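Each chain gets a letter, A, B and so on, in the order its sequence line appears, and its residues count up from 1. Predicted model only: the values in this text are computed from it and were never measured. Both backbone and side-chain heavy atoms feed into the values below; hydrogens, waters and symmetry mates do not.
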Amino acid sequence: MEEKELGKSLDFIRTIISEDVTSQKNDGRVHTRFPPEPNGYLHLGHAKSICLNFGIAEEFNGLCNLRLDDTNPSAEKAEYALAIQGDLRWLGFDWEDRLFHASDNFQQLYEWAIQLIKDHKAYVCDLTFEEMREYRGTLTEPGKNSPYRNREVSENIDLLERMKKGEFEEGTKTLRVKIDMNSPNLNMRDPVIYRIMHREHPETGDKWKIYPSYDFAHGQSDSLEGITHSLCTLEFEHHRPLYDWFCKNLGIHHPQQIEFARLNLNYTVMSKRKMLRLVEEGHVDGWDDPRMATLSGMRRRGFTPSSIRSFCDKVGLAKRENIIEMELLEFCLREDLNKSAHRRLGVLDPLKVTISNYPESKVEELDAINNPEDPTTGTRKVSFSREVFIDRNDFMEDPPKKYFRMAVGKEVRLKYAYYITCQKVIKDEDGKIIELICEYDPESRGGGTPDQRKVKGTIQWVDSTTAINPEIRLYDRLFKVPNPDEVEEGKDFLSNLNSDSLTSLSDALVEKSIEELQAGEPFQLERIGYFTLDTKAQEMGKLVLNRSVAMRDSWAKKHSK
RNA sequence: AGCCUGGUGGUGUAAUGGUAGCACAGGAGUUUUUGGUACUCUCAGUCGGGGUUCGAAUCCCUGCCGGGCUGCCA
């Protein structure tokens, strides 16, 4: 990652941090953290937070921790914790030996709860869910104090200890903190800081029967880890007064919470809840479906870590709600892959071309450039013979004016091979074109002629004697509309699903060298797009190509209007 | 409804009282053995209304619009 250049304008968070460093707040130290809850897979929205937290740490010579925010064992699993670390490493970030869990602090949090009780600032409450809701008041009306609010310190301690031991049923008691039932901020109306949960925890097993809430664990974990700037998304804004309240009343190191707007991408969904529905109801192939905005899905689709980091850098950072256009993501991928991906030849919809003046049994090896953007990658051999295949849409019987590709009587270049001219079109009984009879110019070997004559069209092809036939999957946006949440009365986001988001091609032909590639390794099929081999298919011994993103196509764009 | 928060081209983001800039998208062109890439040019914006000021995207007032909050989720 490159350093932020001095003099470049900083976003509002970096501005705050840089001022703090200048004023020697926290002794000029910068320490951030990325704190996912291990209850699902990481997605692009997390990537924004990851790049922010790790990026800032690096730019300010600080540190960034990974913390698993595991305060609620009902949905959290070790499997997720592992996947999170894998995705993070894949993205290219390193937390060294600083992997922490909120659960590492359960004992300390418990002691702090006792301290709050002794300070008359916390109490055990017997109100049920329903009662508590009634007592809380509403957005416009104040709440009223719980009848249990003034229990004796000793009784509170006794009750909390028994809650901890598991003497009470779930939902029968909570530990609440005594703040202000009249506060306009509902989070301050005596929030619950411990609830009873008779549940195994992935880290602490059955040791605890009570678990701290997010509000009671997050700021304190930040504090214990020596975090200086606690960056989170906007919906935690109303929790900041609570965050501050705990640090102040516990008298502990007080990190600064700063909120930023979360990332939204059009034509997709970015919440765990909605993604979970897509997975559970079978609308996609799993969390790592290549159409999903999860990091695992994007990895399988063929996104590179650096393209995602570049994207996160470009989306900017502010407090206003935003919906980023998919085009920016695609741009970042193409920008990266154009420079790094090797080129290969393939045709999605093969059309046979017989070169009538090419010797029957001759097969020759031609040189093809691996990457014109990087000459050091050299060339490879591709075979050529009398019978090759081109893409069906590279031929037209009645071409429009500026059509540069093949048509009867027109000369085109087969890339890296020869100039050919179509003489004749062969059709089946239904009138479908099944073969083109062409003649080649032996002088044009390699794609150029001694007389330097120009051909406007250059098309890709594959040789019939060596081509292989993998399955090719093309992906489109998952939803038909930019904002899937915009729905008619009575419908939900699933009604906006794009039923054509996956297209599988079975007839495609590609050059043989592709079977030697590793899953995940990006390559370009010239003029078609960037691809990678599907991981899951490769594990099963099948060759499946996922298209990561199509090439920009200004011709198609113009002619679709 | 109350509280909090935010409004800059189509999208996103800068400018912190002094030339409204950058990127993506869109349009036009040059180069090209990818209708790709690269390069050039171009379109397009301060939510409305008042005020303060020599000067306002920026400060004040007011209206409008968006988002968040009534979990023992995070």
Side-chain angles (χ1 to χ4, degrees), chain A residues 8-12 15 35-37 39 69-72 74-76 102 125 127-129 132-133 136-143 170-176 183-187 189 191-197 210-211 213-215 217-218 232-241 259 261 266 272-273 314-332 334-335 338-339 343 345 368-369 372-373 402-405 413-417 419 444 446-448 454-460 482 524-529 551-559:
Chain A
K8 287 267 161 60
S9 66
L10 301 176
D11 57 65
F12 79 102
T15 303
E37 182 188 12
N39 68 344
D69 212 351
D70 54 355
T71 56
N72 184 354
S74 65
E76 295 158 7
C125 182
L127 255 27
T128 63
F129 283 88
M132 206 181 285
R133 192 180 323 131
R136 183 160 36 233
T138 67
L139 294 176
T140 49
E141 299 154 26
E170 290 190 7
T172 55
K173 283 182 168 46
T174 57
L175 183 70
R176 301 175 68 183
S183 172
N185 180 349
L186 299 251
N187 289 129
R189 320 244 261 229
V192 168
I193 62 170
Y194 268 101
R195 70 282 213 198
I196 299 171
M197 291 181 98
I210 54 172
Y211 290 95
S213 64
Y214 163 85
D215 288 303
H218 200 94
C232 62
T233 44
L234 247 27
E235 65 269 27
F236 292 101
E237 223 162 5
H238 319 275
H239 292 252
R240 184 171 6 111
E259 310 85 14
N266 64 11
K272 270 184 202 168
R273 211 195 88 245
K314 285 178 169 56
V315 294
L317 191 73
K319 295 193 83 145
R320 80 183 77 122
E321 305 288 328
N322 60 80
I323 302 176
I324 310 289
E325 291 176 333
M326 192 70 93
E327 283 82 355
L328 182 62
L329 220 208
E330 296 181 342
F331 167 80
C332 292
R334 290 194 190 102
E335 183 189 42
N338 173 52
K339 294 195 194 86
R343 277 68 307 197
L345 300 179
I369 294 167
E373 301 290 319
K402 292 259 183 84
Y403 189 78
F404 300 150
R405 288 110 95 164
R413 170 165 42 229
L414 294 182
K415 190 153 192 182
Y416 309 128
Y419 290 4
S444 63
K454 296 261 190 253
V455 279
K456 199 74 173 142
T458 300
I459 62 178
Q460 86 283 10
Q524 180 192 112
L525 283 184
E526 297 210 35
R527 303 211 303 135
I528 301 174
M551 303 299 286
R552 280 189 72 207
D553 189 347
S554 54
W555 193 82
K557 195 174 288 164
K558 201 181 239 176
H559 289 260

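For the OP1/OP2 pair of B/U37 and a distance below 4.0 Å, the side-chain nitrogens and oxygens of A/Arg552 include at least one atom meeting the criterion. Under 4.0 angstrom from either OP1 or OP2 of B/G26 there lies at least one side-chain N or O belonging to A/Lys557.
Across all strands shown, A/Lys402 has heavy atoms under 4.0 Å from base atoms, whether or not it also approaches the sugar-phosphate. A/Ile323 comes within 4.0 angstrom of the backbone, heavy atoms only, and of no base. Heavy atoms of A/Gly143 sit nowhere under 4.0 angstrom from any nucleic acid atom. Within the nucleic acid shown, A/Tyr419 has no heavy atom closer than 4.0 Å to any nucleic acid atom. Nucleic acid contact for A/Arg176: none, since no nucleic acid atom lies under 4.0 Å from a heavy atom of the residue. Across all strands shown, A/Tyr211 has no heavy atoms under 4.0 Å from either base or sugar-phosphate atoms. A/Leu139 comes within 4.0 angstrom of a nucleotide base, judged by non-hydrogen atoms across all strands. Within the 4.0 angstrom heavy-atom criterion, only backbone atoms of the sugar-phosphate kind lie near A/Leu317; the bases stay farther away. At a threshold of 4.0 angstrom between heavy atoms, the contacts of A/Pro191 with the nucleic acid are absent. Across all strands, A/Glu526 comes closer than 4.0 Å to base atoms (heavy-atom distances).
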Practice problem: Encode nucleotides 15-23 of chain B as B, S and - characters from 5' to 3', where the letter depends on protein heavy atoms closer than 4.0 Å: B to the base, S only to sugar-phosphate, - to neither. | Solution: ---------
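Side chain A/Arg334 to base B/G36: no donor-acceptor pair is found below 3.5 Å. The base of B/G10 lies outside donor-acceptor range of the side chain of A/Glu327, with no N or O pair under 3.5 Å. Under 3.5 Å, the side chain of A/Glu325 and the base of B/G10 form at least one donor-acceptor pair of N or O atoms. With hydrogens and angles left out, the side chain of A/Gln524 and the base of B/U34 share a donor-acceptor pair within 3.5 Å.
B/G21 and B/C43 have their P atoms separated by 12 Å, given to the nearest Å. A distance of about 9 Å separates the P atoms of B/C24 and B/A38, rounded to the whole Å. Between the C1' atoms of B/C4 and B/A20, the separation comes to 30 Å (whole Å). Separation of the P atoms belonging to B/G63 and B/G45 is 29 Å when rounded to the nearest angstrom. The gap from the P atom of B/U40 to that of B/A25 amounts to 15 Å, rounded to the nearest Å. Distance check on atom P: B/U58 versus B/G7 gives 12 Å, rounded to whole Å. A distance of about 16 Å separates the C1' atoms of B/U46 and B/C22, rounded to the whole Å. As rounded to the nearest Å, B/G26 and B/U11 have C1' atoms that lie 11 Å from one another.
The closest side-chain heavy-atom distance from A/Glu321 to A/Leu234 is below 4.5 Å. A/Lys402 places none of its side-chain heavy atoms less than 4.5 Å from the side chain of A/Lys456. Taking the side chain as every heavy atom from C-beta outward, A/Phe404 and A/Trp555 never approach each other to under 4.5 Å. For the pair A/Leu139 and A/Leu186, the minimum side-chain heavy-atom distance is below 4.5 Å. Looking only at side-chain heavy atoms (C-beta outward), A/Asn185 and A/Arg240 stay at 4.5 Å or farther from each other.
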Could you go through nucleotides 71-74 of chain B and list every protein N or O atom that sits under 3.5 Å from one of its N or O atoms, giving the distance for each pair?
unit_1: B/G71; atom_1: OP2; unit_2: A/Arg136; atom_2: NH2; d: 2.8
unit_1: B/C72; atom_1: OP2; unit_2: A/Arg136; atom_2: NH1; d: 3.2
unit_1: B/C72; atom_1: N4; unit_2: A/Leu127; atom_2: O; d: 3.1
unit_1: B/C72; atom_1: N4; unit_2: A/Gly171; atom_2: O; d: 2.7
unit_1: B/C73; atom_1: OP2; unit_2: A/Arg195; atom_2: NE; d: 3.0
unit_1: B/C73; atom_1: OP2; unit_2: A/Arg195; atom_2: NH2; d: 2.9
unit_1: B/C73; atom_1: O3'; unit_2: A/Arg195; atom_2: NH2; d: 3.0
unit_1: B/C73; atom_1: O2'; unit_2: A/Asn72; atom_2: ND2; d: 3.1
unit_1: B/A74; atom_1: OP1; unit_2: A/Thr71; atom_2: OG1; d: 2.7
unit_1: B/A74; atom_1: OP1; unit_2: A/Arg195; atom_2: NH1; d: 3.3
unit_1: B/A74; atom_1: OP1; unit_2: A/Arg195; atom_2: NH2; d: 2.7
unit_1: B/A74; atom_1: OP2; unit_2: A/Tyr214; atom_2: N; d: 2.9
unit_1: B/A74; atom_1: O3'; unit_2: A/Asp69; atom_2: OD2; d: 3.0
unit_1: B/A74; atom_1: N6; unit_2: A/His239; atom_2: NE2; d: 2.9

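Out of B/U5, B/G7, B/U70, the shortest distance to the side chain of A/Arg320 is found at B/G7.
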Self-check item: Pair pattern of RNA chain B in dot-bracket, where unpaired bases get dots and | marks partners in another strand, Watson-Crick or G-U under 3.5 angstrom
Solution: .((((((..((((....[..)))).(((((.......)))))....(((((..]....))))))))))).....
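Glycosidic conformation of B/G71 is syn; the angle stays within 90° of 0.
One finds a salt bridge joining A/Lys319 and A/Glu237 here, because a Lys/Arg side-chain nitrogen approaches an Asp/Glu carboxylate oxygen to under 4.0 Å.
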